Amino acid sequence: MTALSIKDLKVQYKIKDKLINAVDGVSLSLEDNESIGIVGESGCGKSTLGLSIIRSLSGGKIESGDVLLDNKSILTMSEEEFGKKVRWKEISMIFQGAMNSLDPVFSIKQQFEEILKEHHHENENHLEIIKKSLDSVGLPMSVLDKFPHELSGGMKQRAVIAMALLLRPKIVIADEPTTALDVLVQAQILSLLKKLKKEGMSLILISHDLGIISEVSDKVGIMYAGKIAEFGTMQDVYSNPKHPYTQALLKSTPKIRGGSDLISLKGNPPNLASPPSGCRFYDRCPQAMEKCRKEPPTIKTKAGYVSCWLYE
Ligand code: SF4
């Protein structure tokens, strides 16, 4: 069953007098117990997409489109209804940068309790609920008396994940959950995300790192300049990438067993305040043609789609 549908979502930021189209017509469906990876360069709109779903955009505005949870729009809910019924309970988010997600002046326990109070769990045994969540990320109860600065990077990240899991949400959005962690802690966090999926959670994993996405995701959306350039199953997109941007991303990712030389993608993404008409990858695409100056068509592939004139 479809857990979450994103329909033609458009999100804008206003910076000085300019409108930035950070997410420009994204549509995706997340099934129960499925994980979708969203990958792309910094500034492509992937974090904005996650923040829009959880309605925590700061300074941004959802211009149009919809997000449906169990076929019900969550964008038309009042802030109060969304806060009570959806945020943390049905959909939660592991925000980018554990240190920034934790409040340095409150103990870990106070930060867990804040969420429980907000969701009217006053009469329940808080410690029991918190223990379940800490157990699932492998943290001892002793972390509750600590302040964020007293925890290692890996422990802080686990604490942030435990908070996201506190109310047992159906969907977790993880934004760069392993950035700035050493490889051993990264591996632990990834196996934790895989475990959550096994336990029935649906995941949206946002990362610039294709390797991390490939470890956890069933499907992947390649995002470029606010749009999804290609979408499909992990295996299909990795073994047979169709969009020239996906091909370039894969060629610029080191392989553990070596292989062909790494190629860096030249140029920069377009300015989203005044994106070019037609394909946004035009200026960097080695296969660009004259007709690419028009908006590319969306072509169905084996298990997804690609937005490119090459497959018309
Ligand atoms: Fe390249 Fe044209 Fe495809 Fe864009 S539409 S990715 S410019 S071939």
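We count ligands from 1, going down the list as the structure has it; atoms in each ligand are counted the same way. Note that this is a predicted model, so its numbers are computed, not measured.
Using a 30° and 60° split on the angle between ring planes, Tyr224 and Phe281 fall in the perpendicular class, above 60°.
Counting protein heavy atoms only, atom 5 (S) of ligand 1 is closest to Trp309 N, 3.3 Å. In terms of protein heavy-atom proximity, atom 3 (Fe) of ligand 1 is closest to Cys308 SG, 2.3 Å. Here the heavy atom of the protein found nearest to atom 4 (Fe) of ligand 1 is Cys279 SG, 2.3 Å.
Between atom 6 (S) of ligand 1 and the options Met289, Arg280, His243, the minimum heavy-atom separation is to His243.
Taking backbone and side-chain atoms together, Cys292 has no N/O/S atom less than 2.8 Å away from atom 3 (Fe) of ligand 1. Contact annotation: Cys285 places no N, O or S atom under 2.8 Å from atom 4 (Fe) of ligand 1.
Using a 4.0 Å cut-off between charged nitrogen and carboxylate oxygen, Glu312 and Lys294 do not count as a salt-bridge pair. Salt bridge annotation for Lys72-Glu81: present, with a cationic side-chain nitrogen under 4.0 angstrom from a carboxylate oxygen. Under 4.0 Å is where a charged nitrogen must lie from a carboxylate oxygen, and between Arg87 and Glu79 at least one such pair does.
Checked by atom type and distance alone, the side chain of Ser133 pairs as donor or acceptor with a backbone atom of Ala162 at under 3.5 Å. Of the possible donor and acceptor atoms, none in the side chain of Thr246 sits under 3.5 Å from a partner among the backbone N and O of Lys242.
Ligand-side atoms of ligand 1 in range of Gln287: 8 (S), range being under 4.0 angstrom from any heavy atom.
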